[in-house]
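Here's the structure, in structure tokens; my notes come after.
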Number of protein chains: 2
Amino acid sequence: METAHNPHLNHLLEALLKADYDRLFPNLEFIEMPLGQVLCESGDKLKHVYFPTTSIVSLLYVMENGASAEIAVVGNEGILGVPILLGGDSTPSRAVVQSAGYGYRMKALLLKNEFNQAGQLQRLLLRYTQALITQMAQTAVCNRHHSVEQQLCRWLLLSIDRLSGNELCMTQELIANMLGVRREGVTEAAGALQQLGLINYHRGHITVLDRKGLEAKSCECYQVVKNEFDRLLPALRV
Amino acid sequence: METAHNPHLNHLLEALLKADYDRLFPNLEFIEMPLGQVLCESGDKLKHVYFPTTSIVSLLYVMENGASAEIAVVGNEGILGVPILLGGDSTPSRAVVQSAGYGYRMKALLLKNEFNQAGQLQRLLLRYTQALITQMAQTAVCNRHHSVEQQLCRWLLLSIDRLSGNELCMTQELIANMLGVRREGVTEAAGALQQLGLINYHRGHITVLDRKGLEAKSCECYQVVKNEFDRLLPALRV
DNA sequence: CTCACTATGCACGCCAGCGTACAGACTTTG
DNA sequence: CAAAGTCTGTACGCTGGCGTGCATAGTGAG
């Protein structure tokens with residue numbers, strides 16, 4: 001999908017008008033985002049918004065009994081902090097760095113002010129919001145109807161789309177938390193995919209060998225989400 | 001929750017500034033919304049937005065194989081047509097009248113123009129959008145982790161919150177489609193709830209007898225969604 | 001009153017995914 | 001190089017929900 005992996009590239013920022021980008025740029029802080037970092041706890045007021053570049057952030061719900069489920073994922077195509085824009089400031093979900101890397105952050109209030117100018121920046125971010133909604137809705141459907149193996153395929157595809165290479169650093173335990181299933185379920189599904197030569201798995205390093213094959217094994221949910229992102233945000237296509 | 005059941009009441013409209021409301025009012029068309037009416041097919045461009053008053057509208061995803069799942073529900077607390085505001089115009093979901101009643105509709109473009117004025121109306125609708133997002137996210141989690149019986153409780157509570165009385169007209173078959181489960185699963189769960197004296201079920205007429213009891217049987221998802229609606233849209237509290 | 005229809009109830013076998021327990025393989029640390 | 005820790009693989013019984021097929025009971029039309 002992408003070509004060279006520019007560690008400073010966030011597609012949403014790139015899609016801004018030059019004037020907007022230039023005004024925002026001095027307020028952007030380039031930061032490291034280590035694996036497992038919690039950017040936002042459930043119910044917390046966000047102080048910053050984040051534009052991942054080489055990192056991936058998961059939005060997850062953690063339930064009273066400790067069970068969890070990922071509801072959406074944000075990478076270099078998006079922004080973390082939509083609730084700021086919508087006016088609620090917080091959400092009941094937690095934001096965790098799922099794949100270590102870098103990104104920009106800026107003060108939430110600054111972006112909120114820009115957003116309230118109701119210009120191209122607002123329109124862009126609202127379209128991104130709709131894409132995010134699609135992802136959540138599709139996750140709901142997928143959770144209801146599809147097997148662990150199908151969901152794993154969807155998840156792998158969504159993840160590598162947001163990275164440059166075809167490799168992910170991620171233990172099966174972590175993936176299980178994201179999908180809200182048992183670790184053993186992931187082991188089994190990943191084993192099957194490896195058997196088929198679609199992926200290579202070794203102690204926290206997954207390499208996707210056959211992207212097309214994965215897409216074929218995946219449920220329709222991946223394509224639906226991808227198509228909506230492409231439709232809503234054509235500017236982001238590389 | 002509500003007192004008298006005013007068939008012309010939509011809380012979101014009521015929460016508008018008087019000036020905004022007066023400007024919108026002449027463009028509102030009061031319409032009947034019969035059970036099963038499809039207000040919007042997956043991928044269609046919405047021509048109108050809808051403000052239900054006594055009706056309830058389901059947002060559902062229908063999959064390639066025909067299986068379906070509800071991702072959110074809109075009643076007199078909300079609006080159908082968020083994608084118009086966000087700029088995507090359509091979504092991959094279908095909108096179906098789940099409980100017959102009445103509502104207002106207006107030309108989508110008119111509301112879009114009002115929205116783009118970036119005033120109180122926009123802020124209100126964006127907060128509603130966030131509440132809707134919360135509902136979708138919670139549905140995703142609920143689909144993953146909770147039993148049919150728990151989900152039925154959540155669904156019943158969300159539905160009667162959007163109506164005046166404690167009665168719903170809804171066959172088990174329809175509920176099963178909403179929840180994305182087998183009809184027999186609903187039969188079983190509803191039977192159990194009836195056994196406990198929480199509801200009364202008779203050929204498409206459900207009466208909630210013990211609201212507190214239902215809340216106790218329900219998963220946490222109902223309260224999370226309700227709390228977020230109350231937090232984000234305090235103006236809507238009756 | 002009868003017939004067709006619709007809504008609900010019930011029973012059976014089946015399977016995906018869960019909970020649990022444990023073993024082996026690889027990695028890091030001292 | 002040994003020990004401790006981490007990650008992955010395997011096994012087993014259990015259960016919730018599925019698919020299927022069919023029986024009963026209300027309901028409405030003629």
Side-chain angles (χ1 to χ4, degrees), chain A residues 35-36 63 65-70 98-100 140-156 167-196 199-207 217 219, chain B residues 35-36 63 65-70 98-100 140-156 167-196 199-207 217 219:
Chain A
L35 178 64
M63 314 201 31
N65 64 13
S68 65
E70 182 184 84
Q98 173 210 109
S99 179
V141 176
C142 201
N143 279 350
R144 158 71 52 218
H145 290 292
H146 297 139
S147 69
V148 171
E149 186 173 315
Q150 288 177 306
Q151 293 185 49
L152 177 60
C153 292
R154 168 180 65 86
W155 190 90
L156 286 172
E167 196 179 337
L168 271 170
C169 290
M170 176 80 35
T171 66
Q172 299 185 347
E173 180 87 43
L174 274 175
I175 297 181
N177 283 339
M178 303 292 171
L179 296 181
V181 300
R182 279 188 324 156
R183 198 262 310 158
E184 288 85 343
V186 175
T187 300
E188 207 168 339
L193 297 179
Q194 186 153 22
Q195 207 74 35
L196 291 168
I199 64 171
N200 198 311
Y201 212 126
H202 183 66
R203 289 185 75 75
H205 292 261
I206 317 171
T207 314
K217 269 275 167 194
C219 46
Chain B
L35 178 64
M63 315 200 31
N65 66 13
S68 64
E70 183 183 84
Q98 173 210 110
S99 179
V141 176
C142 200
N143 279 350
R144 159 71 51 219
H145 291 291
H146 297 138
S147 69
V148 172
E149 186 173 315
Q150 288 176 305
Q151 293 186 49
L152 177 60
C153 292
R154 167 180 65 87
W155 190 90
L156 287 172
E167 196 181 334
L168 270 170
C169 291
M170 178 77 38
T171 65
Q172 299 186 346
E173 180 87 43
L174 275 175
I175 296 180
N177 283 339
M178 303 294 170
L179 296 181
V181 300
R182 278 189 325 156
R183 198 258 314 155
E184 288 85 343
V186 175
T187 300
E188 208 169 338
L193 297 180
Q194 186 153 20
Q195 207 75 35
L196 292 169
I199 65 171
N200 197 311
Y201 211 125
H202 183 66
R203 289 184 75 76
H205 292 261
I206 317 170
T207 314
K217 269 275 167 194
C219 46

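Naming convention: chains lettered A, B, ... in sequence-line order (proteins, then strands); numbering from 1 in each chain.
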Just by modelled atom types, is the A/Ala140 backbone N or O under 3.5 Å from a matching donor or acceptor in the B/Asn143 side chain?
yes
Could you list, one pair per line, each protein nitrogen or oxygen that sits under 3.5 Å from a nitrogen or oxygen of nucleotides 10-17 of chain C, together with the distance?
unit_1 : atom_1 : unit_2   : atom_2 : d
C/dG17 : OP1    : A/Val148 : N      : 2.9

Reference residue A/Val186; test side chain to side chain contact (heavy atoms under 4.5 Å, CB included); the match among A/Leu174, A/Asn177, A/Ile175, A/Thr171
A/Ile175
Please name all residues satisfying side-chain contact (heavy atoms from CB on, under 4.5 Å) with A/Glu184, sequence neighbours left out, ordered by chain then number.
A/Arg182
A/Leu152 to A/Ala190 - nearest heavy-atom pair and separation:
CD2-N, 3.8 Å
Going from CD on B/Gln172 to OH on B/Tyr201, what distance comes out if it is rounded to the nearest 0.5 angstrom?
4.0 Å
Looking only at heavy atoms, the pair that brings A/Ala100 and A/Leu35 closest together is CB-N, 3.5 Å
Using a 4.0 Å heavy-atom cut-off across all strands, classify A/Gly204 as base, sugar-phosphate, or nothing.
sugar-phosphate
Would you confirm whether A/Gln151, through its side chain, and A/His146, through its main-chain N or O, come within 3.5 Å as a donor-acceptor pair?
yes
For DNA chain D, the residues among residues 168-179 of chain B that have a non-hydrogen atom under 4.0 Å from it
none
One should read off an interatomic distance between A/Arg183 CZ and A/Glu188 CD, to the nearest 0.5 angstrom, of 11.0 Å
Nucleotide range of DNA chain D lying under 4.0 Å from chain B heavy atoms:
D/dG17 to D/dT27
Counting heavy atoms not belonging to B/Gln150, are there more than 12 under 6.0 Å from its CD?
yes
Derivation of the side-chain contact (heavy atoms from CB on, under 4.5 Å) call for A/Arg144 and B/Met63
CA-CA 11 Å; A/Arg144 158 71 52 218; B/Met63 315 200 31; over 6 Å; no
One pair to check against side-chain contact (heavy atoms from CB on, under 4.5 Å): B/Glu167 and B/Ile206. What are the steps and the verdict?
CA-CA 6 Å; B/Glu167 196 181 334; B/Ile206 317 170; over 6 Å; no
Can you name the salt bridge (Lys or Arg N to Asp or Glu O under 4.0 Å) partners of B/Glu149, sequence neighbours left out?
B/Lys217
Counting distance alone, no hydrogens or angles: does the base of C/dT27 have a donor or acceptor under 3.5 Å from a partner atom on the side chain of A/Arg203?
no
When the C1' atoms of the five terminal pairs at each end define the local axes, what inter-axis angle does the helix from C/dC1-D/dG30 to C/dG30-D/dC1 show, to 10 degrees?
30°
Can A/Leu168 and A/His205 be said to form a side-chain contact (heavy atoms from CB on, under 4.5 Å), step by step?
CA-CA 6 Å; A/Leu168 271 170; A/His205 292 261; over 6 Å; no
